[in-house]
Asker: 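Provided herewith is a single structure, encoded as C-alpha cells, for subsequent inquiry.
Values below: all heavy atoms of this structure, side chains included; hydrogens, waters and symmetry mates excluded. First the proteins, then the strands, lettered A, B, ... as listed; each starts at 1.
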Amino acid sequence: MLAAGRGPGLEELLGEVARGDEAAFERFYDRVSGQVFGLIRRVLRDRAQAEEVAQEVLVEIWRTAARFDPGRGSALSWVLTMAHRRAVDRVRSAQAATDREERAARLDNDVAYDQVAEAVTTRLEGERVRRCLDGLTDLQRQAVTMAYYGGYSYPEVAGLLKVPLGTVKTRMRDGLVRLRDCMGVDK
Amino acid sequence: MNDDLHTLSGAYALNALPHRDQGLFEEHLARCEACADEVRGLRETAARLAAGVAEPPPLALKRRVLAEIAQVRQEPPRPVRTERANVVPLAPRWRSRLAVGLAAASVAAAVTVGVVAVNTVQQRDRTLEETQQLLAATQNLLAAPDAVVRRVPMTGGGGATIVLSPHQGKLMFASDMPGLPSDQTYQMWLIGPTGIHSAGLVDGGGGVRTATLAVPGEAERFGVTVEPAGGSRQPTTTPILLTKLA
C-alpha cells in the first residue's frame, strides 16, 4: 500500500490486467485497495456501504482496464477518480434530503477537515499531504477537504462555510494548484 | 475561453460539481485542451489526498472481488481513433441552420448505412417492415430542413451523435456505448421547466445503439445516465451525457 503512489509498474500491471491476467489483477488489488477503500470510507463513513462501493469499483477496474489511457493521467489517479466519483454518487443519490441536512449538521460539530488532518498525521505516506495541506489558507484547505473527503458539492461547501459560491470554486482551484505545486505533481 | 467555466476546474477535479454544472463543464472540457491538461494535473493532486486516508480493507472484500471478476467479462479496448476524440475536440456546436441542409445531406448517406447495419445486427427479430419504417423515420429526420447534427462527448470516453429537428419534434441519438453490468441500463432524459422526464431506456449490452424520440417543444436539455435495470423515475447518477437542445 505504501508504494501505491510511486511504485513503478502500476500502469504496466494494469496493462496485464487488461489482457485478462487475474494474477496481475490480484497484485494490482494489493497495491490500490487500501487507498480505494480508505477514500470511499472517508466519504461515506458507513463501513458496510464503503465495502459495497469499493467492491463495485474494484470489479470495474477489472472490467474496464483496457479503457485506461496513460495519456490522460496515472493509473492511480484513474482508479481513485473512479472510486471518489462512485462514493460521491452514492452520497448524493441515495441520501434523502433530511439525511443531507443531518450530515451537514454533523459536519458543523465535528469539522471533517480537522479530523482528516489528524488521521493524515498518523500515516507515514500522508506526511507530505499534511504538510502541503498546512501550506494552504484556511479557506482553501476547508474547501478542498470538505469536497474531497466529505463528498460535498461546491454549493454545499459554500452554504456550510457561509461564503459566496464564486469564492468557493476559486478557492478549490487555487487550493489544488498550490497543493499540486507543493506535492510536485507533473502539470 | 469562458473564465467563469474555467474556474470550475478545481471543483470538477474534486467531483464537487452538481450534475448540471458537471455536464456543462464536460462539454467545455471537450473543446478546451488547456482545461483538460489542467484538470489532469488537479486530478493527480486530488488522488494524492487519498494516500492520507488509506485503510486496509477487510480480507473478505478481496475474496469477494476475486470471485466476482472470475465471472465478469472485460471490455475490449477502444479503437485508437475514438480515444483521441476525447482529447481532441471534434465536436462542432449546433450548426447554423443554413449549414444544416448540407450537413444533413452529407451525413445522411453515411449514417444511413450505419443505421441499416446496426438494425440488422441488433434487431434481427424485427420484421422487415418495422426496419423499413425505422429507416424511413431516420431519413426523414436527417432530411428535415431544420435538422441539426451534433457530436457530444460522454463521460468515460467516446461520444454520441445527436440529430435534432425542432420542427418535427424529434431527436435521434446514436452512440457506440460501453457495456454495463447486467443489473444496469442506460436511460435517456429530457429536462425542461416541468422537470426531468424519462425518455426511454437504451440497452446496456454494449455496442452501437440508436434511439429516436419525440421531443416536446419546452424540453431544454437531453441527458443520459446509468440506472439500475428497468430504469428509474428520476436520474440517480451523474449524467454521462448532458447537452442543451437549443
Side-chain angles (χ1 to χ4, degrees), chain A residues 1 5 18 20 22 25-26 29 33-35 37-39 41-42 51 54-55 58-59 62-67 69 71-74 76-77 80-81 84-85 88-89 93 116 119-120 123 125-126 129-130 144 147-149 152-155 157 169-170 172-173 175-176 179-180 183 185-187, chain B residues 4 6-19 21 36-58 60-62 64-66 68-70 72-78 83-84 86-87 155-157 178-179 181 232 235-238:
Chain A
M1 200 193 310
E22 293 185 22
F25 177 79
E26 193 172 344
Y29 178 101
S33 60
Q35 293 191 57
F37 179 68
L39 176 60
R41 175 130 194 260
R42 167 63 57 178
E51 280 186 37
Q55 182 171 344
L58 289 157
V59 171
W62 162 261
R63 200 172 70 80
T64 59
R67 307 249 154 153
D69 175 3
R72 283 197 267 163
S74 70
L76 188 64
S77 163
L80 292 173
T81 298
H84 192 254
R85 219 174 231 208
V88 166
D89 280 350
S93 66
V116 166
V120 162
R123 291 181 172 84
E125 70 266 40
V129 172
R130 181 185 53 81
V144 167
Y148 197 68
Y149 297 124
Y152 290 95
S153 68
Y154 84 88
V157 172
K169 58 186 183 190
T170 315
M172 282 180 179
R173 179 162 174 242
L176 271 185
L179 281 178
R180 179 188 70 193
M183 290 174 182
V185 174
D186 289 341
K187 285 177 200 174
Chain B
D4 196 45
H6 191 66
T7 58
L8 289 175
S9 61
Y12 179 75
L14 292 166
N15 290 323
L17 291 184
H19 288 181
D21 291 354
D37 280 345
E38 180 174 290
V39 163
R40 191 174 309 142
L42 297 184
R43 277 227 156 116
E44 295 286 342
T45 306
R48 303 281 178 97
L49 292 173
V53 293
E55 177 180 340
L61 180 69
K62 183 169 176 178
R64 288 201 300 270
V65 169
L66 294 181
E68 194 178 339
I69 64 148
V72 171
R73 197 175 73 87
Q74 291 182 296
E75 280 183 13
R78 275 195 199 97
E83 200 81 65
R84 288 207 56 82
N86 296 328
V87 183
T155 307
S232 303
T236 63
T237 63
T238 307

Asker: Indicate yes or no for a side-chain donor-acceptor contact from Y152(A) to the backbone of A16(B) under 3.5 Å, with no hydrogens or angles considered.
Answerer: no

Asker: Is it true that the side chains of T7(B) and R173(A) contain a donor and an acceptor less than 3.5 Å apart?
Answerer: no

Asker: Verify whether one side chain among D89(A) and T238(B) offers a donor that lies under 3.5 Å from an acceptor in the other.
Answerer: yes

Asker: When you check the side-chain N and O atoms of Q55(A) and R64(B), is any donor under 3.5 Å from an acceptor?
Answerer: yes

Asker: Do R67(A) and E75(B) sit within salt-bridge range, that is, some charged N less than 4.0 Å from a carboxylate O?
Answerer: yes

Asker: Could you check E44(B) against S74(A) for side chain to side chain contact (heavy atoms under 4.5 Å, CB included), going step by step and ending with a plain yes or no?
Answerer: CA-CA 7 Å; E44(B) 295 286 342; S74(A) 70; 2.8 Å; yes

Asker: Considering all heavy atoms of both residues, which atom of P58(B) and which atom of F37(A) are nearest to each other, and what is their separation?
Answerer: CD-CZ, 4.0 Å

Asker: Mark yes or no for whether R63(A), through its side chain, and G179(B), through its backbone, hold a donor-acceptor pair below 3.5 Å.
Answerer: yes

Asker: Given a strict heavy-atom distance threshold of 4.5 Å, which part of A18(A) is in contact with chain B: side chain, backbone, both, or neither?
Answerer: backbone

Asker: Can you say whether S232(B) sits under 4.5 Å from chain A via the side chain, the backbone, both, or neither, judging by heavy atoms?
Answerer: neither

Asker: Highest number of heavy-atom pairs under 4.5 Å with chain B: which of L179(A), L176(A), L39(A)?
Answerer: L176(A)

Asker: To the closest 0.5 Å, what do you measure between CZ (R43(B)) and CZ (R180(A))?
Answerer: 14.5 Å

Asker: What I'd like to find out is whether the side chain of Y29(A) reaches to under 4.5 Å of the side chain of I69(B), using heavy atoms alone.
Answerer: no

Asker: What's the spacing between Q35(A) CD and L49(B) CG if we round to 0.5 Å?
Answerer: 10.5 Å

Asker: Below 4.5 Å from any heavy atom of chain B, which atoms of V88(A) appear? Answer side chain, backbone, both or neither.
Answerer: side chain

Asker: Can a donor-acceptor pair be found, under 3.5 Å and without considering hydrogens, that links the side chain of W62(A) to the backbone of Q74(B)?
Answerer: no

Asker: Checking heavy atoms, do the side chain of V144(A), its backbone, both or neither come under 4.5 Å from chain B?
Answerer: both

Asker: About how many Å separate OG1 of T81(A) and CG of L14(B), when rounded to the nearest 0.5 Å?
Answerer: 10.0 Å

Asker: Any chance the side chains of D21(B) and Y154(A) put a donor and an acceptor closer than 3.5 Å?
Answerer: yes

Asker: Could you go through L66(B) and F25(A), starting from their C-alpha distance and side-chain angles, then the distance that decides it, and tell me whether this counts as side chain to side chain contact (heavy atoms under 4.5 Å, CB included)?
Answerer: CA-CA 9 Å; L66(B) 294 181; F25(A) 177 79; 3.7 Å; yes

Asker: Looking at chain A, which one of A46(B), P181(B), P235(B), S9(B) has the largest number of heavy-atom pairs inside 4.5 Å, strictly under?
Answerer: A46(B)

Asker: Counting only non-hydrogen atoms closer than 4.5 Å, does L80(A) touch chain B with its backbone (N, CA, C, O), its side chain (CB onward), both, or neither?
Answerer: side chain

Asker: Using every non-hydrogen atom in the two residues, find where S77(A) and A47(B) come nearest and quote the distance to one decimal.
Answerer: CA-CB, 3.9 Å

Asker: Return the CG to OG distance between L17(B) and S153(A), rounded to the nearest 0.5 Å.
Answerer: 8.5 Å

Asker: Can you name the nearest heavy-atom pair linking R40(B) to G73(A), along with the distance?
Answerer: CD-N, 3.9 Å

Asker: So which heavy atom on R42(A) is nearest to which on V53(B), and how close?
Answerer: NE-CG1, 3.8 Å

Asker: Would you mind reporting whether E55(B) and R41(A) have side-chain heavy atoms less than 4.5 Å apart?
Answerer: yes

